[in-house]
2 protein chains.
Amino acid sequence: MKRVAPRKSSAATARERLASWISARGLKATRQRDLIVDTFFSQTGHLSVDELLDKVTARDPSIGAATVYRTMKILTDAGLASARHFEGGQTRYEAALDRHHHDHLICTSCGSILEFENERIEELQDRVAEQHGFAVTHHKLELYGLCKRCQEKDEYFRKRFPDPR
Amino acid sequence: MKRVAPRKSSAATARERLASWISARGLKATRQRDLIVDTFFSQTGHLSVDELLDKVTARDPSIGAATVYRTMKILTDAGLASARHFEGGQTRYEAALDRHHHDHLICTSCGSILEFENERIEELQDRVAEQHGFAVTHHKLELYGLCKRCQEKDEYFRKRFPDPR
DNA sequence: ATCGAGATTGAGAATCAATTTCAAAATGAA
DNA sequence: TTCATTTTGAAATTGATTCTCAATCTCGAT
């Protein structure tokens with residue numbers, strides 16, 4: 001019989017880590033924090049505070065936006081989430097539990113986000129920084145354009161409704 | 001006798017190009033637009049609207065912020081300036097006259113910005129996009145950290161005021 | 001030079017994401 | 001239980017940017 005090693009859900013792990021991070025600096029555990037963290041880690045992808053707030057208030061309508069903002073800040077400081085500032089104004093958060101660094105491909109039509117890693121690019125970046133005497137702490141590489149699906153959609157419409165001119 | 005080919009200032013060129021772009025779509029030339037464009041192209045670097053507004057109102061205090069915002073948008077649409085959204089909230093504009101694409105090194109301490117080009121990185125980006133079936137329209141590569149000068153300053157202070165512990 | 005449709009302006013209001021304020025409620029060590 | 005401290009939700013505030021609108025300006029046609 002095949003056995004899968006018992007594996008804690010990432011939400012559970014995150015809650016534990018957050019707990020120690022919180023008590024380590026005299027903060028306090030609260031019901032709303034737990035609910036927000038739980039909700040956040042049960043999602044995947046890159047959530048805006050708005051989107052997260054929606055899911056959270058679905059579970060407990062009394063929770064306010066400010067608390068979600070505050071909690072995501074804590075999660076970020078604790079290294080359990082990372083904040084991304086893509087084009088379009090609002091901050092998006094993604095889980096950062098034992099995750100490698102990675103960059104993003106962002107579809108400007110449907111908003112979908114793909115992730116990728118590329119060691120060669122990272123190396124070249126380091127070299128560039130070195131050449132300029134820069135000590136890099138973090139970086140941002142984002143490729144914007146049309147995802148495959150949106151390209152196909154585009155093509156389809158162009159065929160059916162050719163540019164009248 | 002050596003003769004240097006007469007060369008128009010980039011500000012002059014920009015004004016010309018803007019003029020044709022503007023008349024081509026039924027817009028109108030105005031005194032404040034000219035002044036803003038002139039001021040913008042007489043500067044170098046990456047200006048925020050605030051910084052530009054300061055320089056502009058120094059020349060004509062009656063010009064409002066909204067007009068500067070509007071003008072920079074036109075300049076961007078005309079391809080004569082490009083908008084950058086570095087960390088820290090406000091949009092910064094840089095002249096885009098006959099400029100190659102380039103990326104940025106941004107010092108998080110003093111705010112200075114270095115530019116660089118790297119063909120190899122661009123190629124690798126294209127390859128990544130291709131692998132994911134993405135049609136990239138633009139991208140953003142920003143390296144954040146400490147510039148040489150700020151590293152040296154840091155070092156200096158650490159020597160004189162070693163971490164007491 | 002004058003006219004007039006339409007574009008532009010400046011000031012202030014509005015918006016949007018995010019942060020701060022503050023009084024009331026919750027937490028947790030003693 | 002007590003009580004200093006932290007947290008919360010709602011509302012106010014901030015900061016960047018955009019919008020609104022009445023007054024003004026521009027420019028091609030007279």
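The chains referred to below are lettered A, B, ... by the order of the sequence lines, with proteins before strands, and numbering in each begins at 1.
We find that NE2 of His85(B) is positioned 15 Å from C1' of dC16(C), with the value rounded to whole Å. Here the P atom of nucleotide dT9(C) and the NZ atom of Lys73(B) are 15 Å apart, to the nearest Å. Residue Tyr93(B) contributes atom OH, which lies 11 Å from atom C1' of dA16(D) at whole-angstrom precision. Atom CD in Glu51(A) sits roughly 11 Å away from atom P in dA18(C) (whole-Å rounding). When rounded to the nearest whole Å, the span between OH of Tyr69(B) and P of dA13(C) equals 17 Å. Glu87(B) has its CD atom 17 Å from the C1' atom of dG15(D), to the nearest Å. Distance CG (Leu52(B)) to P (dA16(D)): 15 Å, rounded to an integer number of Å. Atom-to-atom, CG of Asp50(A) to P of dT19(C) comes out at 14 Å; the value is rounded to the nearest Å.
Within the 4.0 angstrom heavy-atom criterion, only backbone atoms of the sugar-phosphate kind lie near Thr91(A); the bases stay farther away.
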Check: residues 45-52 of chain A side-chain donor-acceptor pairs under 3.5 Å, at least two apart:
from: His46(A); atom 1: NE2; to: Glu94(A); atom 2: OE1; distance (Å): 3.2
from: His46(A); atom 1: NE2; to: His104(A); atom 2: NE2; distance (Å): 3.0
from: His46(A); atom 1: NE2; to: Glu115(A); atom 2: OE2; distance (Å): 3.2
from: Ser48(A); atom 1: OG; to: Glu51(A); atom 2: N; distance (Å): 3.1
from: Glu51(A); atom 1: OE1; to: Ser48(A); atom 2: N; distance (Å): 3.1
from: Glu51(A); atom 1: OE1; to: Arg92(A); atom 2: NH1; distance (Å): 3.2
from: Glu51(A); atom 1: OE2; to: Arg92(A); atom 2: NH2; distance (Å): 3.4

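Note: His101(A) and His139(A) have perpendicular aromatic rings, judged against thresholds of 30 and 60 degrees for the angle between ring planes.
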Spell out protein contact along nucleotides 7-13 of chain D as letters: B when the base is contacted, S when just the sugar-phosphate is, - when no protein heavy atom is under 4.0 Å; keep the 5' to 3' order.
SBBB---
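Contact annotation: the side chain of Phe86(A) never approaches that of Thr91(A) to less than 4.5 Å [non-hydrogen atoms, C-beta and beyond]. Using a 4.5 Å heavy-atom threshold, the side chains of Asp60(A) and Gln32(A) count as separate. The shortest distance between side-chain heavy atoms of Ile74(A) and Trp21(A) falls below 4.5 Å.
Listed nucleotides dA16(D), dA17(C), dT18(D) differ in distance to Gln90(A); the shortest reach to its side chain belongs to dA17(C).
Remark: Arg17(B) pairs with Asp98(B) by the salt bridge (charged side-chain N to carboxylate O under 4.0 Å, His left out) rule, at least two apart or across chains.
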